2 protein chains.
Amino acid sequence: MVCSLEDHREYLHQHGIKSTRPRNLVWEILLTHDGILSAEEIYQTVVQQGETVNFSTIYRVLELFVEKGLVEKSFFPGTQKNVFSVCHVGHTHHLICLRCHKTVDISPCPLSDLEKQIAAKTDFQIVGHHLEIYGYCPECRKIMK
Amino acid sequence: MVCSLEDHREYLHQHGIKSTRPRNLVWEILLTHDGILSAEEIYQTVVQQGETVNFSTIYRVLELFVEKGLVEKSFFPGTQKNVFSVCHVGHTHHLICLRCHKTVDISPCPLSDLEKQIAAKTDFQIVGHHLEIYGYCPECRKIMK
DNA sequence: AGTGCAAATGCAAGTTATTCGCATTTAGAG
DNA sequence: CTCTAAATGCGAATAACTTGCATTTGCACT
């Protein structure tokens, strides 16, 4: 599915998000990059495109996307950094390469049954979970050998 | 299983960890507290016991325990904080109450089969994963009603 | 029991990632 | 086109953690 810039604006509007230059830029970067990105990486990509968006705006835009359910925020293992990725329909998880940061979606989410079992057993009201699996992708494995 | 202070020292020694006042304190706090603790909470507990341990020492001790495989470091959802908990034999995960931070172990780890499947499918070398499930415990659910 | 030294700690300053306050600018409804 | 609430840029602030270095301490070896 190839979408034009206009389509993206439309998509953001549909989610109650006013279209602005920073928002469009961040959204397109997230869409075109298959994988997870840190705020820093998004900022750098913006700069490489010859644009400027303030760092705090990047954070505010990302926070907005997360709030609206368009983007998922998680942690990159072994760092203090948050990383962001576009939410896919039907809740997936990431298999993350520790070397090149490439990600593969794990879907469907393997935890819905487990959550039900756990809720029944513990009487907790379960509201969410974080799952990330990490390792090294085939390419990086070769390089590291 | 009730263990004396001496037993704890012995246990640390067995893992190649020299026994010092800060290390014993942190270890005992982690053991006696059933749940996850942030560095800050550990620091506060030390203070409440009438002792003092420098904050950087707390971090260094925790990092050491993690390195030696005694303690697991994870993130508390919705914050920027790392939290720490004693590793149990046979790798478990936590069900965390977002309100009172009480945790329940989920064991055995439900992911080992999944990891094998994913490794076979993607040719990744999988080195680890993070899984946390969060929600509200029965007590907090009552209080919040 | 005393001694030496590598390792651990305390302290203060530094870093990193993220957030906030406020003045200015802008998207988009009317 | 105009007005206004919302978004942005900027700089400063904060939170959580890390580091460098001088001092202290555990403990192996007399």
Side-chain angles (χ1 to χ4, degrees), chain A residues 5-6 8-27 29 36-47 50-68 70-84 101, chain B residues 5-6 8-27 29 36-47 50-68 70-84 101:
Chain A
L5 207 149
E6 275 312 314
H8 297 157
R9 291 211 174 128
E10 188 46 40
Y11 185 75
L12 292 182
H13 272 133
Q14 281 167 15
H15 287 263
I17 295 170
K18 188 150 90 176
S19 162
T20 66
R21 194 181 55 92
R23 290 174 182 183
N24 297 332
L25 281 167
V26 171
W27 182 242
I29 288 166
I36 55 176
L37 288 166
S38 62
E40 170 72 30
E41 288 167 324
I42 292 169
Y43 179 82
Q44 291 305 338
T45 310
V46 167
V47 170
E51 302 265 356
T52 25
V53 173
N54 196 274
F55 235 115
S56 38
T57 304
I58 304 259
Y59 277 111
R60 281 189 282 230
V61 168
L62 287 169
E63 214 48 60
L64 176 73
F65 289 168
V66 169
E67 219 171 84
K68 298 289 183 184
L70 302 184
V71 163
E72 194 196 0
K73 178 177 178 176
S74 39
F75 273 100
F76 193 76
T79 71
Q80 293 305 118
K81 279 187 196 176
N82 286 121
V83 284
F84 301 87
H101 300 192
Chain B
L5 208 151
E6 275 311 315
H8 297 157
R9 293 210 175 130
E10 188 47 41
Y11 185 74
L12 293 182
H13 271 133
Q14 281 167 15
H15 286 263
I17 295 170
K18 187 148 89 176
S19 162
T20 66
R21 193 181 56 92
R23 290 174 181 182
N24 296 331
L25 281 167
V26 171
W27 181 243
I29 288 167
I36 54 175
L37 289 167
S38 62
E40 170 73 28
E41 289 168 323
I42 292 169
Y43 179 81
Q44 291 305 338
T45 310
V46 167
V47 170
E51 301 266 356
T52 24
V53 174
N54 195 273
F55 235 114
S56 41
T57 304
I58 304 260
Y59 279 112
R60 280 189 280 230
V61 168
L62 287 169
E63 213 50 58
L64 176 75
F65 288 168
V66 169
E67 220 171 83
K68 298 288 183 185
L70 302 185
V71 162
E72 193 195 1
K73 178 178 178 175
S74 40
F75 273 102
F76 194 77
T79 71
Q80 295 304 119
K81 278 188 198 175
N82 286 308
V83 285
F84 301 86
H101 300 193

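Just so it is clear: chains get the letters A, B, ... in the order the sequence lines come, proteins before strands, and each one is counted from 1. Quick caveat, the model's predicted, so the values are computed rather than measured.
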In whole angstrom, give the distance that lies between atom [atom1] of [X] and atom [atom2] of [N].
| X | N | atom1 | atom2 | value |
| --- | --- | --- | --- | --- |
| A:E10 | C:dA27 | CD | P | 17 Å |
| B:E40 | D:dT18 | CD | P | 15 Å |
| B:F55 | D:dA15 | CZ | C1' | 10 Å |
| A:R23 | D:dA6 | CZ | P | 11 Å |
| A:E51 | D:dG9 | CD | C1' | 15 Å |
| B:Y43 | D:dA16 | OH | C1' | 14 Å |
| A:I42 | C:dT18 | CD1 | P | 10 Å |

- Quick one: are A:E72 and A:I36 in side-chain contact, heavy atoms under 4.5 Å? no
- Message: Are B:V83 and B:L37 packed together at the side-chain level, in the sense that at least one heavy-atom pair is separated by less than 4.5 angstrom?
- Response: no
How close do [X] and [Y] get, heavy atom to heavy atom, and via which atoms?
| X | Y | answer |
| --- | --- | --- |
| B:R9 | B:S19 | CD-OG, 3.1 Å |
| A:I29 | A:I42 | CD1-O, 4.0 Å |
| B:K81 | B:S38 | CD-CB, 4.1 Å |

- Query: For DNA chain C, which residues in residues 56-64 of chain A have a heavy atom at a distance below 4.0 Å?
  - Reply: A:S56, A:Y59, A:R60
- Reading 5' to 3' through nucleotides 22-30 of chain D, protein heavy-atom contacts under 4.0 Å coded B for base, S for sugar-phosphate only, - for none: ----SS---
- Below 4.0 Å: OP1/OP2 of C:dT18 and any side-chain N or O of A:N82: yes
- Could you check B:K81 against A:N54 and say which one's nearest nucleotide on DNA chain D is further toward the 5' end? A:N54
- Query: Are the aromatic rings of A:F65 and A:H15 close, with centres under 6.0 Å apart?
  - Reply: no
- Item | side-chain hydrogen bond (donor to acceptor under 3.5 Å, both in side chains) contacts touching residues 56-65 of chain B (sequence neighbours left out) | B:N54-B:S56, B:E63-B:K73
- Task: Kindly assign one of parallel, tilted or perpendicular to the pair A:Y11 and A:W27, based on the angle between their ring planes and the thresholds 30° and 60°.
- Result: parallel
